[in-house]
Amino acid sequence: MDCKTLASLLDVYVDGETDLTQTLLIEQHLADCVACKARKQALADWRAMIRKAAYFPAPAGLRERLEAALQGSIEHVQIEIAAPIHKTVPLLPSMPRVARRHRHFGQRWMAGFASVAALLLFALNLNWYLRQPNAETRLATELVAAHVRSQLAAHLTDVVSSDQHTVKPWFNGRIDIAPPAIDLAAQGYALIGGRLDYIAGHGTAALVYRHHEHVLNVFVLPAGAVPADAKPEASSLQGFHLLRWAQSGLVLWVISDASESTLQGFAEAFKQTAP
Amino acid sequence: MIDQPSKPAADAAQHADAMRRFNQSVLPHLDAAHNLARWLTGHASDAQDVTQEALLRAFRFIDGFHGSDARAWLLTIVRHAAYSWLERHRPQQLAAVPETALDAAEQSGAIEPAPSPENILSDQHAHALLLELMNELPLPFREVLVLRELEELSYREIAAVTDLPIGTVMSRLARARLQLRAAWTRRGLEETSHGL
Ligand SMILES: [Zn+2]
């Protein structure tokens, strides 16, 4: 990772929101680069100043007023019919829908930032606390998030190779599971490489394929990650299709904005070719 | 009805339970609630009214809270209360802000995260300037900045509180930071050169 790339990720890193691979690369660079280390310190100082200058704790007396008001509220609550919390109308108008296009693979992360941000804009629409999606939906949401994140050109692959004999060994020692990295170029799905990713709190392997202009991310999880009978196997979320199948003690997910039938075709080819 | 002599007792027990849960999980976040209300309304007394209203709502709906993160839950309610309040009293604040992708000039601002005027201005002056500049940020940018920098919520939590896609949270946060830093550098340099 170079200084410029690191600078562009520094805010997100200090927020603790870079993924596992990015974090490792950043920390490696910070250990050796005095200039970036100083930049990171300056950012930390700036944030400390904001926290110190701009925080408004509850003023004295508010707690007492509140307790008095609560006493009154308790006396009234019995005759009130609980109405749902009024959702205020003036939430901002929805985002203009930006045409979703894949980045060219060689493009720099800096140059790609704007479009990546645009991609992320509608990738996820979560309301974790209020809607409490079930575990399956939550996992699907995480997978889509990881897929979108991987579109950052700098992070699509950690090992770039169309050679399955390069990709598969690369994961050895880096991760517990051995992902079946196979080339499916003959069937129209070219292996681009592999990547470490982070799903459901665990390091995991992602294989990256390309089909025409579409990127397919294949996430390889241990079988226990999903109940065997979990439905549905195919789903779509925010314009991305997901397809899941089990194979040799692993659960595989393929995610892409390619059509559902493309994913079906991929899964078939994968199942037939994989050992 | 004559056959319900135990109802008041049951209600009393229920309220005691609600009060206990409220005191344990919600009340500890009073400062956070007030801080957010203060930044969304922009005024000290309005912030107190909004905070109080939000906490009363939180108490009333405490049965609906089953999650583990009471702070994010409370901040969601505070935000709703603040937006209702703004809608009634200062609707112009809610005017939409056009959102476009970051342009190249804004991106280049990301390279230097170290605003220098702090070294030159007195602490007190620097803090006052910072408050002024944060208040000048458009509401959608200000709120994500406050939730991140002051409440230290994760992107995911901010997305939940604001009911926004996580990507929107990220782009608004990036933009809020760049605008704030740019204004800070500009104003800080202006003020130091006037002072000389
Ligand atoms: Zn460096």
Side-chain angles (χ1 to χ4, degrees), chain A residues 4 7-8 10-12 15-17 39 42-43 46-47 49-59 62-63 65-66 69-70 73-74 77-78 80 82 85-93 95-96 98 110 113-115 117-130 132 145 148, chain B residues 11 15 19 30-31 33-35 38-39 44 47-48 51-52 55-57 59-61 66-67 69 72-73 76-77 80 83-84 87 91 94 96-97 99 101-103 107 110-111 113-115 118 126-127 130-131 134 140 148-150 154-156 159-160 163 165-168 170-171 174 177:
Chain A
K4 216 176 151 190
S8 73
L10 198 53
D11 269 311
V12 181
D15 287 339
E17 304 268 358
R39 236 179 238 136
L43 184 58
W46 164 247
R47 292 191 176 187
M49 187 190 71
I50 293 181
R51 211 153 291 147
K52 191 168 151 199
Y55 202 90
F56 291 98
L62 180 58
R63 189 179 293 263
R65 269 176 52 195
L66 185 69
L70 271 175
S73 148
I74 288 171
V77 78
Q78 294 175 29
E80 270 191 57
I85 296 173
H86 175 57
K87 269 215 165 192
T88 50
V89 185
L91 292 174
L92 295 154
M95 307 296 305
V98 185
M110 277 298 287
F113 181 84
S115 56
L119 255 176
L120 283 163
L121 287 183
F122 52 89
L124 295 175
N125 194 349
L126 306 179
N127 201 328
W128 291 79
Y129 298 97
L130 300 182
Q132 303 187 332
V148 171
Chain B
D11 281 351
H15 290 142
M19 187 56 111
L30 181 62
D31 282 346
H34 178 267
N35 181 55
R38 176 68 178 73
W39 277 108
Q48 293 205 34
T51 307
Q52 181 167 325
L55 273 111
L56 290 178
R57 272 192 212 178
F59 177 73
R60 200 181 312 163
F61 294 107
H66 304 292
D69 192 343
W73 182 74
T76 309
I77 297 174
H80 282 306
Y83 272 67
S84 302
E87 195 182 23
L94 297 169
V97 177
E99 277 183 86
L102 298 177
D103 63 32
Q107 279 182 48
I111 302 303
E118 193 195 358
H127 291 184
L130 183 70
L131 292 185
M134 278 178 68
R148 176 56 229 162
E149 300 289 29
L150 303 180
S154 70
Y155 294 174
R156 190 169 286 172
D163 200 16
I166 208 163
T168 309
M170 289 175 72
S171 70
R177 283 170 163 160

[X] side chain to [Y] main-chain N or O, any donor-acceptor pair under 3.5 Å?
X        : Y         : value
Trp39(B) : Ala54(A)  : yes
Glu17(A) : Tyr155(B) : yes
Asn35(B) : Pro57(A)  : no

Open item on the list: Which atoms of Leu131(B) are under 4.5 Å from chain A, going by heavy atoms: the side chain, the backbone, both sets, or neither?
Closed with: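 Side chain only.
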
TODO: Please flag which part of Leu30(B) lies under 4.5 Å from any non-hydrogen atom of chain A: side chain, backbone, both or neither.
DONE: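 The answer is both parts of Leu30(B).
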
Side chains of [X] and [Y]: closer than 4.5 Å at any heavy-atom pair?
X        : Y        : value
Arg65(A) : Gln48(B) : yes
Asp31(B) : Tyr55(A) : yes
Arg63(A) : His34(B) : no

Task: Minimal non-hydrogen separation, Ile50(A) against Glu149(B), with atom names - done: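 Smallest interatomic distance, heavy atoms only, reads CG2-CB, 4.2 Å.
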
Task: Minimum-distance pair of heavy atoms, taken over all atoms of Thr51(B) and Leu62(A) - done: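 Answer, listing the atom of Thr51(B) first, then Leu62(A): CG2-CD2, 3.9 Å.
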
Open item on the list: Looking at Asp11(A) and Arg148(B), is there a salt bridge between them, counting it only when a charged N and a carboxylate O are closer than 4.0 Å?
Closed with: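 Judged by the 4.0 Å cut-off on N to carboxylate O distance, Arg148(B) and Asp11(A) do not form a salt bridge.
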
